[in-house]
Every structure is written in C-alpha cells, then in structure tokens.
Amino acid sequence: MDLNALNAVAEAMVAPGKGILAADESTGTIKKRFDAIGVENTEENRRDYRELMFRAAEGMKYVSGVILYDETIWQDAADGTPLVDLITAAGSIPGIKVDKGVTPLPGFPGETITEGLDGLGARLAAYYERGARFAKWRAVIDIADGIPTQGAIKANAHALARYAGLCQANQIVPIVEPEILMDGAHDIARCDEVTRAVLKSVFAELAEMRVALEGIVLKPNMVICGKKCANRASVDEVARRTIEVLKATVPAAVPGIAYLSGGQSDEEATAHLDAMNRIGGFPWKMTFSYGRALQAAPQKAWAGKRENVAAAQAAFAHRARMNGLASLGQWAEDMEKVAA
Ligand code: 13P
C-alpha cells in the first residue's frame, strides 16, 4: 500500500470548491428516479442520462469525483468512449460503489447489515484496472423505538472497516459511509446521540482493522431531525451540532468529510454545508457527496428528451456550483434566485 498516493487521492476528492457526485444508484433505485420523470428504465436511458452529466463541463468543474454503479463503470458513451474516460477528461476521479446492498440482520428485528465482502479484493483489483481510484460502501442505520442496537451498530461498523482495509490493500481510497436515515419522527437530539454512537464504533473498528485514516474519506449524515419530526431545527443548529458531534468522534488524521444529502431538499443540503464551512474551526475539509440533492433538478429538466439535454446540463451545473460555493462557505440564498 502506498499511503502517500492514497492520501493524495483523498485530498483531491475533498479539494476546496469541489465535491463528489454520487451517481451510483442501483438499477432498482434509478428506476424510482426515472418513474418520477416518466422515463423507461432501460440500459440505454441510464447510459444517456449519466453521459449528459459527465459531458456537462460547466457542472463537472465543481465535481472532484463521481461514484459509479457497476453497470456504468463498464459502459461506453453513445460515440464509444468509455464513460470513465469522460469523467477523467473532465478533470474528475472515477469511483465505484462496491457494497451489494442491505439485508435483514438475523436476531435484530428492523435492523440491517450491508453485504458484499466476499470476493471484494478481486473486484477492487478489476475496478482499479478500469480506472477507479476510490470506492463507496454504505452502512444503513435506522432510528425507531428500541433501535439502533449496539449489536447492529458494531456489525455494520466492522463490515465498513473490513471493506476499508481491502480497498487500501488494492490502492483504492474507501469512502466510509455510515448513514443514519432521516426517516421517522425523531428529534435532532436523538440523531445527535445515535450519530455519536455510530461514529465512535466506526472509528474503533477502523483502528482495529489497521485502516490508515489519512487514506479514507468519511461520508456521514448531518445531525438533523427526522423527516416527520414536528420540531424542526434551524440551519444554524444543524450546522453547530454536526460539527460538535464530528469533533468529538472523528480523528483529525481524516482528510475530509463529504456529506450525503439523505433526502434533504436541494437548497437545505446546500445551506447546511455552507453554514458549517462558515462556522469553521475543524481540522477537515467539509464538502458534499450528494446524489439526490445534485440530480433532482437535472432529472426533472431532462425528462428523457434529447431536446432537453442542454437544460438538464444547465440545471446540474447550477446545483454543482451552488454546492461548490457551499464547500467554501461562500453560498448565499439569493444566488439561487438569480439563477432560477
Ligand atoms: P443522497 O445524497 O441522495 O443521500 O445519496 C448519497 C449517497 O451516495 C447515499 O449512499
């Protein structure tokens, strides 16, 4: 393992003014997005949609890396150019989602474990050959009555650490993603408590598995209330509490934090990231690794029609630029209105 090279990739992934585009929806998840815009979920439509983003030069200026799904990393653009080559030509780093999704954890009703460790070393080597320089593995933690349990937290944290070690052995930077879902009615204090417990466990397992923290990127949820919580927290409270929780649990050796959007609205996700970077006072870069919060607008503008490609690229560029500015603490709400 060449840790300096891993660290250089991790630093590039969180370079100031840029962030990560999570375009790694599985075939089932992209179907939900396509259903919402009336697009048939065919291999060609999935390719055309991803290709339009990777060719959107104005938007890709703010994208340090792109997380791909297995199908996409092997796909070629309509003119035969591998999609990974479009990403590198745009100055961005190709990455790959390597987990195989969640399955119920036996003995833990309502809780899941992420699968995909068996054979992962060989898969990582093939992805590296194809151009991937980072990977993603998502652990999912739900908050409800009596959950999460310490047992499920530990099992998920251990799988993340095993994955991270395998990535580094294959010269790939692991994005370590323990996602606490914002479904449900829990308040921000409960999210604060659970996020602390999960991150504490994740970093204990990473240490036990001898993962070099200089060569990872953490992708956490923000500390935020559940979608059904009546008592909404302000942007400032989300920003302050998220920073506080990370400071108490994440070692300074980690180069950067790239948040998931997790179902926040586009503008909320941008405002929260911006607020954290305005507050500052933490040892890491803080940026985005958004899926929905970057792609909802371009998907709506595209609607599967060739004549809408330019409008979709413009919508993507706008969201990417807004989030790029938020990664510097330089976003303002009126910038949204000017462009709208
Ligand atoms: P969202 O930003 O839509 O939560 O997606 C990010 C991601 O990659 C979740 O695993």
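Order of listing sets the numbers, starting from 1, for every ligand and every atom in it. Numbering of residues begins at 1 and proceeds along the displayed sequence.
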Margin query: Within a 6.0 Å radius of atom CD on Glu129, are there more than 12 heavy atoms belonging to other residues, nucleotides or ligands?
Written below: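 It does not: Glu129 CD has 12 such atoms or fewer within range.
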Before accepting this row, confirm whether a basic side-chain N of the pair [X]/[Y] lies closer than 4.0 Å to the acidic partner's carboxylate O.
X      : Y      : value
Asp192 : Arg241 : yes
Arg50  : Glu25  : yes
Arg47  : Glu43  : no

Next item on the list: Report all protein residues having a heavy-atom distance below 4.0 Å to some atom of ligand 1; order the list by chain, then number.
Entry: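 Contacts of ligand 1 under 4.0 Å: Ala22, Asp24, Lys136, Arg138, Glu177, Lys219, Leu260, Ser261, Gly262, Ser289, Tyr290, Gly291, Arg292.
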Next item on the list: State, without any angle test, whether Asn323 and Thr270 hold a side-chain donor-acceptor pair at a distance under 3.5 Å.
Entry: yes
Check: Is there a chain of hydrophobic side chains (I, L, V, M, F, W, Y, each step under 4.5 Å between heavy atoms) that links Trp331 to Ile279?
Finding: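 Unlinked, Trp331 and Ile279 end up in two clusters.
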